[in-house]
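In this chain, numbering begins with 1 at the start of the sequence shown.
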Amino acid sequence: MEAAVLQLHQQLLRLPADPSQLTVARRFAEEAAARFGLDESGCYQFKLAVSEAVANAIEHGCPYPDGTVGVELFEEPDSLTIEITDCGVFTTNMDEQGSLPERGRGLAFMTVFVDELDILRGEDHTAVRLTKHRPA
């Protein structure tokens with residue numbers, strides 16, 4: 001019996017670390033979500049989460065030496081994942097329980113819109129991985 005071959009569709013986008021590039025990131029995410037088969041709400045949620053992650057990389061991260069941040073898409077049969085990378089080192093400032101800070105809510109915001117959120121920390125980079133699963 002022949003083993004099933006899983007196809008992985010992968011795309012890499014390098015964006016200048018400039019807020020003007022958020023529209024490019026949003027379009028990239030929305031087109032990927034639509035291709036993957038998410039409904040209108042799912043596409044919108046994925047786009048918002050990606051936009052927030054890219055905005056965080058631009059504002060709080062450190063660009064690659066060429067002045068960019070990475071946006072890499074992985075499309076598998078049952079999941080759509082996008083990974084936003086920069087050369088920064090991730091740190092978090094946890095405020096006291098119950099306080100509602102003006103800033104610093106991006107991760108909580110993203111978790112509402114995706115099925116999985118992972119932060120991958122390397123010695124010289126940080127990656128935020130966002131995943132949506134194919135609806136049943």
Side-chain angles (χ1 to χ4, degrees):
M1 185 169 151
E2 216 173 287
V5 176
L6 296 178
Q7 289 193 333
L8 170 69
H9 178 78
Q10 184 175 355
Q11 287 180 279
L12 174 62
L13 181 65
R14 294 296 286 265
L15 294 174
D18 185 277
S20 67
Q21 297 300 303
L22 289 173
T23 56
V24 176
R26 284 192 287 266
R27 185 173 35 242
F28 183 70
E30 188 171 38
E31 289 172 359
R35 249 189 342 267
F36 183 68
L38 296 180
D39 63 14
E40 186 177 336
S41 176
C43 287
Y44 183 74
Q45 291 173 353
F46 191 69
K47 175 178 72 172
L48 280 180
V50 170
S51 181
E52 180 66 20
V54 172
N56 285 347
I58 290 170
E59 184 177 350
H60 304 293
C62 180
Y64 286 99
D66 66 357
T68 64
V69 296
V71 181
E72 192 164 11
L73 176 75
F74 304 92
E75 186 177 336
E76 298 182 70
D78 296 327
S79 63
L80 178 66
T81 300
I82 202 158
E83 194 170 284
I84 295 87
T85 57
D86 65 66
C87 290
V89 177
F90 180 82
T91 58
T92 184
N93 296 328
M94 300 302 287
D95 287 343
E96 292 180 28
Q97 281 296 93
S99 67
L100 190 59
E102 280 295 310
R103 303 184 49 81
R105 295 177 278 178
L107 289 174
F109 175 78
M110 286 182 266
T111 61
V112 171
F113 296 119
V114 295
D115 298 316
E116 295 176 35
L117 183 145
D118 297 299
I119 299 171
L120 311 168
R121 302 172 200 190
E123 287 183 23
D124 59 353
H125 74 282
T126 296
V128 174
R129 183 180 295 158
L130 307 168
T131 300
K132 285 286 265 188
H133 298 291
R134 188 176 303 279

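- Residues Gln11 and Glu72 have side chains that never bring a donor and an acceptor to within less than 3.5 angstrom of each other.
- Between the CD atom of Glu83 and the CG atom of Asp118 there is a distance of 9.0 Å, given to the nearest 0.5 Å.
- The side-chain heavy atoms of Glu30 and Phe46, taken from C-beta on, include no pair separated by under 4.5 Å.
- Side-chain contact between Met110 and Asn56 is present, with heavy atoms from C-beta onward closer than 4.5 Å.
- A 4.5 Å side-chain heavy-atom check between Thr81 and Leu73 finds every atom pair outside the cut-off.
- To the nearest 0.5 Å, atom CZ of residue Arg134 and atom OG of residue Ser79 are 8.5 Å apart.
- Under a hydrophobic clustering in which Ile, Leu, Val, Met, Phe, Trp and Tyr are joined whenever their side-chain heavy atoms come within less than 4.5 Å, directly or via other members, Leu117 and Leu80 fall into the same cluster.
- Contact check for Thr126 versus Ile119: side-chain heavy atoms found under the 4.5 Å cut-off.
- Contact record, Phe36 with Glu76: CE1-O, 3.4 Å, taken as the closest heavy-atom pair.
- Between Arg129 and Thr131, the closest side-chain pair of non-hydrogen atoms falls below 4.5 Å.
- Considering every non-hydrogen atom in both Ala49 and Val114, the closest pair reads CB-CG1, 3.7 Å.
- With contacts defined as side-chain heavy-atom distances shorter than 4.5 Å, the pair Val128/Leu130 qualifies.
- A donor-acceptor pair shorter than 3.5 Å can be found between the side chains of Arg26 and Ser51.
- For the side-chain contact (heavy atoms from CB on, under 4.5 Å) with Phe28, the lone residue among Val50, Leu15, Val54, Ile82 that qualifies is Ile82.
- Summarising the geometry of Cys87 relative to Pro65, their closest heavy-atom pair is SG-CD, 4.4 Å, with the distance given to 0.1 Å.
- Here the CZ atom belonging to Phe113 is positioned 7.0 Å from the OH atom belonging to Tyr44, to the nearest 0.5 angstrom.
- Taken to the nearest 0.5 Å, the CD atom of Glu40 stands 11.0 Å off from the CD atom of Gln45.
- From Arg27, atom CZ reaches atom CD of Gln21 across 9.5 Å, with rounding to the nearest 0.5 Å.
- Heavy-atom minimum distance, Ala17 versus Val69: CB-CG1, 4.2 Å.
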Test side-chain contact (heavy atoms from CB on, under 4.5 Å) applied to His133 and Glu116, step by step: CA-CA 9 Å; His133 298 291; Glu116 295 176 35; 2.7 Å; yes
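- Residues Cys43 and Leu38 have side chains in contact (heavy-atom distance under 4.5 Å, counting atoms from C-beta outward).
- At a cut-off of 3.5 Å, with distance as the only test, no side-chain donor of Asp39 or Ser41 sits close to an acceptor on the other residue.
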